[in-house]
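See structure below.
Throughout, protein chains are lettered first and strands after them, A, B, ... in sequence-line order, and every chain is numbered starting at 1. Since the model is a prediction, treat every value here as computed from it, not as a measurement.
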Amino acid sequence: MDSVLHPFSRIILSWYSAHKRELPWRNNKNPYSIWLSEIILQQTRIEQGLSYYLKFIEAFPTVNHLAAAKEDHVMQLWQGLGYYSRARNLHAAAKMVVEEYKGRFPDSYDDLRKLPGVGPYTASAISSIAFNLRHAVVDGNVYRLLSRYFDIDTPIDSSAGIREFFDLANELIPNFSPGDFNQAMMDFGSLVCKPSNPICIDCPLNAGCLALKNETIASRPIKRGKTKVKKRYLLYLIVKDDEDHTLVRKRGDKDIWAGLYEFPIIEFQSAEEWLGFESTDKYKESLKVFQAELNHLSNPVKHILSHQHLHVLFARVTGNTKSSVRDYERKSFSDLAQLGMPRVITRYFEQS
DNA sequence: AATTCGGGGGG
DNA sequence: CCCCCAGAATT
């Protein structure tokens with residue numbers, strides 16, 4: 001059916017059979033574990049996601065376990081991994097698989113695509129690896145590998161580029177073992193055709209690599225990019241009462257850290273206002289609300305996100321948590337470990 | 001078509 | 001300091 005296998009595809013598959021990495025989700029073709037690994041690995045290195053995968057498989061061996069879990073439990077296990085909408089979508093998708101597909105994963109690209117958090121990449125990965133369907137994945141590795149081998153200068157973050165690389169990958173993918181081909185592309189991109197210092201000298205594709213021939217390796221792939229970063233100035237009030245309890249609140253959907261818990265927070269509009277917080281009305285008002293007084297102030301902390309640079313102060317205040325404040329939950333400090341909290345907060349406690 | 005969503009690692 | 005990472009959803 002598919003005419004001749006492109007030399008590129010033949011070499012990639014051959015390389016993979018000799019060099020594929022042993023990874024826990026490659027032990028079987030269970031769509032649940034494939035799906036879980038793919039969600040965790042979105043924009044995430046394998047070394048960073050691996051321990052999370054193992055935690056989740058242990059806590060939730062099947063999609064039924066995951067669907068039955070409390071959202072706070074899912075968020076707590078996801079704590080520290082970032083892009084927290086993945087965790088909420090993961091949970092929602094598990095419920096959908098249980099309720100709409102009776103606990104059996106959908107086995108077509110289109111139905112997989114309907115699951116929250118499953119986009120073109122993830123639907124291709126699951127359908128090819130678990131169900132042997134011919135859908136090519138196009139992730140960062142594939143963009144880099146194809147843009148170099150074929151020396152393509154179309155920006156990968158343009159709609160023309162997305163289309164071009166999608167079409168190319170779907171021409172190259174064989175009818176047999178499409179899942180192996182997809183994983184081969186990614187392993188090869190991460191181990192050989194690396195972003196910096198690719199191993200061209202020993203690369204089995206070097207004879208046909210056009211970017212190597214044209215000396216454009218270092219400038220492939222082309223990206224328009226440019227992310228502008230916003231600075232934000234924050235103060236957390238860590239209230240502590242005479243029974244060692246505190247107040248936390250679950251963050252809403254419209255901002256960073258959706259679904260995570262945090263202490264009462266005050267945001268300032270400038271560095272000056274932030275550093276002089278003690279004379280601001282919003283700070284004084286908050287002290288009144290929590291019937292609190294300042295006990296200890298942390299050093300300023302800088303916390304870097306992709307699109308925001310956060311400047312954070314932690315104020316330990318002694319106050320009253322019993323007269324319940326709207327939207328806040330009263331917790332003992334030892335119970336905070338059960339909640340997912342932003343890394344900047346957990347790190348503060350680790351270091352103090 | 002652009003922006004926004006984390007956190008860590010490498011050069 | 002920059003870029004990148006098994007991308008997706010929203011605006």
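Counting non-hydrogen atoms under 4.0 angstrom, A/Asp253 reaches nothing in the nucleic acid. Among the protein residues, A/Val142 comes within range of no part of the nucleic acid, since none of its heavy atoms lies under 4.0 Å from any strand. Using a 4.0 Å heavy-atom cutoff across all strands shown, A/Glu47 reaches no nucleic acid atom at all. Residue contacts for A/Gly80: at a heavy-atom cut-off of 4.0 Å it reaches the sugar-phosphate backbone alone, with no base atom in range. Looking at heavy-atom distances under 4.0 Å, A/Asp255 makes contact with sugar-phosphate atoms alone, never a base.
Looking only at side-chain heavy atoms (C-beta outward), A/Thr318 and A/Asp241 stay at 4.5 Å or farther from each other.
Once you apply a 4.0 Å limit to the heavy atoms of chain A, the touched nucleotides of DNA chain C run 5' to 3' over C/dC4 to C/dA9.
Screening A/Ile238, A/Leu287, A/Thr246 against A/Val317 for a side chain to side chain contact (heavy atoms under 4.5 Å, CB included) leaves a single residue, A/Leu287.
Taking atom CD1 of A/Ile304 as the reference point, atom P of B/dG9 lies 15 Å away to the nearest angstrom. The distance between atom CG of A/Asp157 and atom C1' of B/dT3, rounded to the nearest whole Å, is 12 Å. One can place OH of A/Tyr52 at 10 Å from C1' of B/dG6, the figure rounded to the nearest angstrom. Atom-to-atom, CG of A/Leu305 to P of B/dT3 comes out at 18 Å; the value is rounded to the nearest Å. The CD1 atom of A/Ile162 sits 11 Å away from the P atom of B/dA2 (whole-angstrom rounding). Distance CD1 (A/Ile256) to P (B/dG7): 8 Å, rounded to an integer number of Å. Between the CD atom of A/Gln308 and the P atom of B/dG6 there is a distance of 8 Å, rounded to whole Å.
Residues A/Glu273 and A/Thr280 come closest through the heavy atom pair CG-CG2, 3.7 Å. Smallest separation of non-hydrogen atoms from A/Arg251 and A/Ile256: NE-O, 2.8 Å.
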Side-chain donor-acceptor pairs of residues 91-107 of chain A under 3.5 Å, sequence neighbours excluded:
{"unit_1": "A/His91", "atom_1": "NE2", "unit_2": "A/Leu66", "atom_2": "O", "d": "3.4"}
{"unit_1": "A/His91", "atom_1": "NE2", "unit_2": "A/Ala69", "atom_2": "O", "d": "2.9"}

Donor-acceptor pairs under 3.5 Å, side chain of residues 49-60 of chain A to any protein atom, not counting sequence neighbours: which ones?
{"unit_1": "A/Tyr52", "atom_1": "OH", "unit_2": "A/Gln79", "atom_2": "O", "d": "2.8"}
{"unit_1": "A/Lys55", "atom_1": "NZ", "unit_2": "A/Leu77", "atom_2": "O", "d": "3.2"}

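Near DNA chain B, defined here as any heavy-atom distance below 4.0 Å, the residues from residues 340-351 of chain A are A/Arg343, A/Arg347, listed numerically. Near DNA chain B, meaning a heavy atom under 4.0 Å from it, residues 14-45 of chain A has A/Gln43, A/Thr44, A/Arg45 in order of number.
Dense packing is recorded around NE2 of A/His309, with more than 12 heavy atoms of other residues, nucleotides or ligands lying under 6.0 Å away.
A centroid separation of less than 6.0 Å is found between the aromatic rings of A/Phe290 and A/Tyr328. In this structure, the ring of A/Tyr16 has its center no less than 6.0 angstrom from the ring center of A/Phe188.
With the 3.5 Å cutoff on both pairing distances, Watson-Crick and G-U pairs in DNA chain B assemble into runs of at least 3 at B:1-5 with C:7-11, B:7-11 with C:1-5.
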Next on the checklist: Evaluate A/Arg316 against A/Glu293 for salt bridge (Lys or Arg N to Asp or Glu O under 4.0 Å), listing each step before the verdict.
Outcome noted: CA-CA 9 Å; A/Arg316 299 184 181 225; A/Glu293 60 184 57; over 6 Å; no
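For the pair A/Pro221 and A/Pro120, nearest-nucleotide mapping onto DNA chain C gives the more 5' position to A/Pro221. A residue-by-residue look at A/Tyr84 and A/Lys228 shows that A/Lys228 has its nearest nucleotide of DNA chain B further toward the 5' end.
Rounded to whole Å, the C1' atom of B/dG6 lies 15 Å from the corresponding atom of C/dC3. One P atom belongs to C/dA6, the other to B/dG11, and the distance between them is 15 Å to the nearest Å.
Ring geometry for A/His303 versus A/Trp257: interplanar angle of 30 to 60°, hence tilted. Ring geometry, A/Phe150 versus A/His6: the interplanar angle exceeds 60°, so the pair is classed perpendicular (tilted spans 30 to 60°). The aromatic rings of A/Phe314 and A/Tyr236 sit parallel, their planes meeting at an angle under 30°, below the 60° perpendicular limit. Using cut-offs of 30° and 60° on the angle between ring planes, the pair A/Phe8 and A/Phe181 is perpendicular.
Distances shown here put every side-chain N or O of A/His307 at or beyond 4.0 Å from the OP1 or OP2 atom of B/dT3.
Below the 3.5 angstrom threshold, one finds a donor paired with an acceptor across the side chain of A/Ser306 and the base of B/dG6. A/Gln48 contributes no side-chain N or O that forms a donor-acceptor pair with the base of B/dG8 under 3.5 Å.
Interatomic distance, NZ of A/Lys29 versus CD1 of A/Ile129, reported as 8.5 Å (0.5 Å rounding).
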